Novice: 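Below is the structure I would like to discuss, written out as structure tokens.
Just so you know, these numbers come straight off a predicted model, no measurement behind them. A, B, ... follow the sequence lines: proteins, then strands. Residue 1 opens every chain.
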2 protein chains.
Amino acid sequence: MVIKLTERKSHILHLVIKEYIKNGNPVSSKLLCEKYKPGYSSATIRNDLATLEKKGYLTHPYTSAGRIPTDEGYRYYIKDLMEIQRLTHEEERRIKNEFNNQMIELDKVMHQTSKMLAMVSECSGFTMAPNLTESLVEYIELTKIGTNKLLVLMVTEEGLVKHRIIQCSEDLTQIKIKQISKIINKRLHGKKISEVKKNILNILETEKYEQELIFNIAQDLTNELFNLVDENNFFFEESPNFLGNVDIDEETYELVKQKEVMHNILENVKNTKQGVKILIGNDSPLKNCSLITSAYKLGENSVGVLGIIGPKRMKYSKMVSLVDYISKMFDK
Amino acid sequence: MVIKLTERKSHILHLVIKEYIKNGNPVSSKLLCEKYKPGYSSATIRNDLATLEKKGYLTHPYTSAGRIPTDEGYRYYIKDLMEIQRLTHEEERRIKNEFNNQMIELDKVMHQTSKMLAMVSECSGFTMAPNLTESLVEYIELTKIGTNKLLVLMVTEEGLVKHRIIQCSEDLTQIKIKQISKIINKRLHGKKISEVKKNILNILETEKYEQELIFNIAQDLTNELFNLVDENNFFFEESPNFLGNVDIDEETYELVKQKEVMHNILENVKNTKQGVKILIGNDSPLKNCSLITSAYKLGENSVGVLGIIGPKRMKYSKMVSLVDYISKMFDK
DNA sequence: TCTTAGCACTTAACTGCTTTGAGTGCTAAA
DNA sequence: TTTAGCACTCAAAGCAGTTAAGTGCTAAGA
């Protein structure tokens with residue numbers, strides 16, 4: 001399926017795409033000639049451009065306009081032409097800094113990471129939290145923080161922290177809370193969250209001490225914590241000038257905001273490949289955008305996806321490094 | 001300074017502003033005449049418009065365009081003409097709902113509130129957290145959540161919760177943590193946060209038990225918790241179509257994002273007046289916007305500010321209710 | 001004195017026409 | 001295979017004329 005290109009044509013395609021990514025204007029034979037002095041006349045280049053168009057890598061918006069890359073063109077570029085551009089030390093430093101602080105609480109990590117991606121890419125960053133339902137409960141801490149109010153804190157085997165505040169029907173004493181906490185931990189430690197979700201009552205069943213009380217709290221826990229493990233698991237952040245400067249249309253924007261859409265796209269990515277994966281134009285329902293994504297691992301079993309959404313003419317060479325670098329930070 | 005207007009002129013000013021807020025087009029004598037049938041001809045209204053312009057309440061962008069309100073016009077409107085429009089029951093219900101859940105953790109509350117304001121106003125909402133440095137420490141909970149990692153949770157006298165994860169130099173046993181926690185609580189309970197910030201070492205001084213260890217943790221606590229009480233205290237959220245639909249320019253947008261700018265504006269508001277306060281155009285450095293703000297109280301001494309930033313032609317009558325209602329929810 | 005009809009005047013917005021120039025594709029010669 | 005040259009295309013910019021939505025002013029009527 002992939003058609004071989006001569007050295008020169010390949011080079012010209014490279015130049016067109018680089019130029020277009022940089023300036024966003026259709027690029028003409030004359031410009032290439034003058035700016036890059038390839039040692040051939042504009043006419044020759046014109047011929048090459050024409051063949052590149054015939055092969056499907058370029059197109060032009062109207063007769064007398066310069067060329068712009070097609071989706072296929074971008075794909076060829078990414079596969080065969082692009083030299084990956086490493087992050088600068090400054091950028092790596094900034095990222096590392098962010099990661100050194102506070103990075104245990106799941107929601108915070110995700111949020112921070114998305115922001116990071118958005119900032120460095122200057123378009124938009126997202127993070128889909130790993131599905132924790134197959135993770136094991138390390139322990140659960142109950143702390144009273146007011147009448148009828150408990151702070152529940154769960155730590156998973158991977159060391160991730162999730163917390164919620166729950167409202168109890170009864171006002172419990174510190175001592176009782178401690179007792180209950182002990183019992184719950186004894187029973188839930190090492191269990192899969194998915195299992196806990198389904199079976200919490202059974203798991204706690206045989207305990208005789210304050211059975212009813214424990215059941216009530218268990219119910220609250222399920223509602224407020226275990227059932228919410230999956231919720232809020234898509235974080236999206238954009239750089240200030242993303243929508244303003246850049247050619248993303250409203251429609252696409254709406255799509256991004258719909259969690260299910262993104263979920264589908266990313267679930268796909270997660271299951272197909274290791275490392276950085278790039279979706280261009282029609283590859284995803286976000287037809288006018290490209291996505292640069294990578295799966296990441298937290299501990300053994302928890303896999304999430306993170307990445308960048310931006311215009312097709314984004315700096316792939318740099319963005320690949322960025323996404324790769326950050327996803328590797330997670331794997332530690 | 002305030003110039004009296006005749007009944008009719010006043011009425012016409014009212015109509016112009018209402019109409020302009022609604023549709024955003026300069027409003028003409030003819031339109032007023034046809035739409036509102038005031039019982040006078042367009043010529044009469046034209047005369048009135050001319051006087052209203054002379055007095056500084058209206059202007060027009062070019063010779064043959066209709067009138068639009070000046071800042072002064074809006075101010076007059078707000079002071080003398082506007083009828084406040086209550087929130088619908090539906091809206092009140094939605095707001096109450098949000099507030100019933102989870103509303104103890106300071107950062108979450110602020111974030112949620114800003115979102116709420118943005119959503120209902122359809123422009124943008126912000127919340128500046130109260131300065132907690134004068135609040136009293138209720139208690140502090142230390143929980144081990146991994147090697148060298150402690151979760152610190154502080155509850156203030158008002159029942160607000162702030163938490164952080166801190167990295168300790170030593171890996172402490174559960175038991176030691178409990179002992180230390182007891183000591184710290186005994187000493188810090190009821191103290192002002194500002195005092196704790198300055199004097200933590202002195203406050204804990206006389207304890208003989210594991211003096212050095214406690215000092216280390218105290219240092220971490222100060223760095224990670226007490227010193228950060230004031231940080232991150234401005235939350236800003238915008239409705240999806242805020243920047244797109246609405247006539248806010250880039251410059252202003254940049255200003256909003258600068259915390260110090262907003263801080264100054266709001267610090268001012270906080271100190272001058274109770275209840276809802278409105279800043280129009282030049283009243284604040286955000287020249288092309290209006291702000292509707294209100295101070296709110298959390299407990300006895302903690303005062304914060306929340307509100308809306310939007311275009312000058314926003315629905316003041318409704319927004320005032322919104323800001324007022326939400327700020328009163330805080331006061332409980 | 002207040003109101004109003006009427007008219008001259010201003011101006012943005014649109015329309016249609018022409019010109020310009022950047023770019024292509026094709027041809028024919030080196 | 002390369003290139004110079006030329007005809008052709010089309011967006012964009014400029015220009016003139018028209019329209020319509022306004023205003024301000026005047027003079028007459030209540």
Side-chain angles (χ1 to χ4, degrees), chain A residues 3-13 15-70 73 247 313, chain B residues 3-13 15-70 73 247 313:
Chain A
I3 305 133
K4 257 280 172 74
L5 294 176
T6 66
E7 184 84 17
R8 192 182 66 215
K9 291 200 178 66
S10 174
H11 183 221
I12 286 178
L13 179 58
L15 291 180
V16 170
I17 294 183
K18 276 210 301 204
E19 183 63 27
Y20 184 69
I21 285 177
K22 200 165 185 189
N23 299 316
N25 305 324
V27 352
S28 73
S29 54
K30 195 178 150 214
L31 181 113
L32 286 178
C33 228
E34 286 172 359
K35 193 158 170 184
Y36 298 99
K37 315 228 183 274
Y40 294 95
S41 78
S42 72
T44 308
I45 293 179
R46 212 140 56 230
N47 288 332
D48 289 349
L49 291 176
T51 38
L52 286 168
E53 179 157 359
K54 248 177 239 143
K55 304 212 176 190
Y57 298 128
L58 296 176
T59 184
H60 54 214
Y62 53 88
T63 336
S64 73
R67 298 307 206 291
I68 61 177
T70 60
D247 25 42
R313 50 172 284 267
Chain B
I3 306 132
K4 257 278 171 69
L5 294 177
T6 66
E7 185 83 18
R8 191 182 67 215
K9 290 200 178 67
S10 174
H11 181 63
I12 285 177
L13 178 57
L15 291 180
V16 171
I17 294 182
K18 276 210 300 203
E19 183 61 28
Y20 184 69
I21 285 176
K22 201 165 183 188
N23 299 316
N25 305 324
V27 353
S28 72
S29 54
K30 195 179 150 213
L31 181 113
L32 287 177
C33 229
E34 285 172 358
K35 193 157 171 185
Y36 297 101
K37 314 228 184 277
Y40 293 95
S41 77
S42 72
T44 308
I45 293 180
R46 211 141 56 231
N47 288 333
D48 289 349
L49 291 175
T51 38
L52 286 168
E53 178 156 358
K54 246 177 241 146
K55 304 213 174 189
Y57 297 128
L58 296 176
T59 184
H60 55 215
Y62 55 87
T63 336
S64 75
R67 298 307 205 289
I68 63 177
T70 61
D247 26 44
R313 52 173 283 267

Novice: Would you give the length of the straight line joining atom NE2 of His60(B) to atom OG of Ser28(B), rounded to the nearest 0.5 angstrom?
Specialist: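 It is 13.0 Å, given to the nearest 0.5 Å.
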
Novice: Relative to the 5' end of DNA chain C, which residue comes earlier, Thr44(B) or Tyr62(B), by the nucleotide with the nearest heavy atom?
Specialist: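 With Thr44(B) and Tyr62(B) compared, the 5'-side residue is Thr44(B).
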
Novice: Rounded off to whole Å, could you give me the CG-to-P distance for the Asp48(A) and dT2(D) pair?
Specialist: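 To the nearest whole Å, that distance equals 8 Å.
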
Novice: Of Ile12(A), Leu52(A), Asp48(A), Thr51(A), which is the lone residue that meets side chain to side chain contact (heavy atoms under 4.5 Å, CB included) with Leu5(A)?
Specialist: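 With Leu5(A) as partner, side chain to side chain contact (heavy atoms under 4.5 Å, CB included) holds for just one option, Leu52(A).
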
Novice: Does the protein touch nucleotides 20-30 of chain D at the base, only the backbone, or not at all? Give it as B, S and - per nucleotide, heavy atoms under 4.0 Å.
Specialist: -BBBB------

Novice: Does Ser42(A) have any side-chain contact (heavy atoms from CB on, under 4.5 Å) partners at least two apart in sequence or in another chain, and if so, which?
Specialist: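 Partners of Ser42(A) by the side-chain contact (heavy atoms from CB on, under 4.5 Å) criterion, ordered by chain and then number, come out as Ser29(A), Cys33(A), Arg46(A).
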
Novice: It should be established whether Arg8(A) places a side-chain nitrogen or oxygen under 4.0 Å from OP1 or OP2 of nucleotide dT2(D).
Specialist: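 It does, given that an N or O in the side chain of Arg8(A) lies less than 4.0 Å from OP1 or OP2 of dT2(D).
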
Novice: Please report the interatomic distance CD(Glu19(A)) to NZ(Lys35(A)), rounded to the nearest 0.5 Å.
Specialist: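 Interatomic distance, Glu19(A) CD to Lys35(A) NZ, rounded to 0.5 Å: 3.5 Å.
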
Novice: Under the criterion side chain to side chain contact (heavy atoms under 4.5 Å, CB included), I'd like the reasoning laid out for Val16(A) against Leu49(A): C-alpha separation, chi angles, the key distance, then a yes or no.
Specialist: CA-CA 9 Å; Val16(A) 170; Leu49(A) 291 176; 3.8 Å; yes

Novice: What bend angle does the helix from dT1(C)-dA30(D) to dA30(C)-dT1(D) show across its length, from five-pair end axes and to the nearest 10 degrees?
Specialist: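 Answer rounded to 10°: the end axes differ by 20°.
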
Novice: Can you tell me how far CZ of Arg67(A) sits from CG of Leu32(A), rounded to the nearest 0.5 angstrom?
Specialist: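 Reported value, rounded in 0.5 Å steps: 10.5 Å.
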
Novice: Any side-chain to backbone donor/acceptor pair from Thr59(B) onto Thr70(B)? Under 3.5 Å, distance only.
Specialist: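 Not a single qualifying donor-acceptor pair exists.
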
Novice: Report the distance from atom CD1 of Ile45(B) to atom P of dT3(C), rounded to the nearest whole Å.
Specialist: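 Computing the Ile45(B):CD1 to dT3(C):P distance gives 11 Å.
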
Novice: Rounded to the nearest 0.5 Å, what separates atom NE2 in His11(B) from atom CD1 in Ile45(B)?
Specialist: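 Nearest 0.5 Å value for the NE2-CD1 distance: 8.5 Å.
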
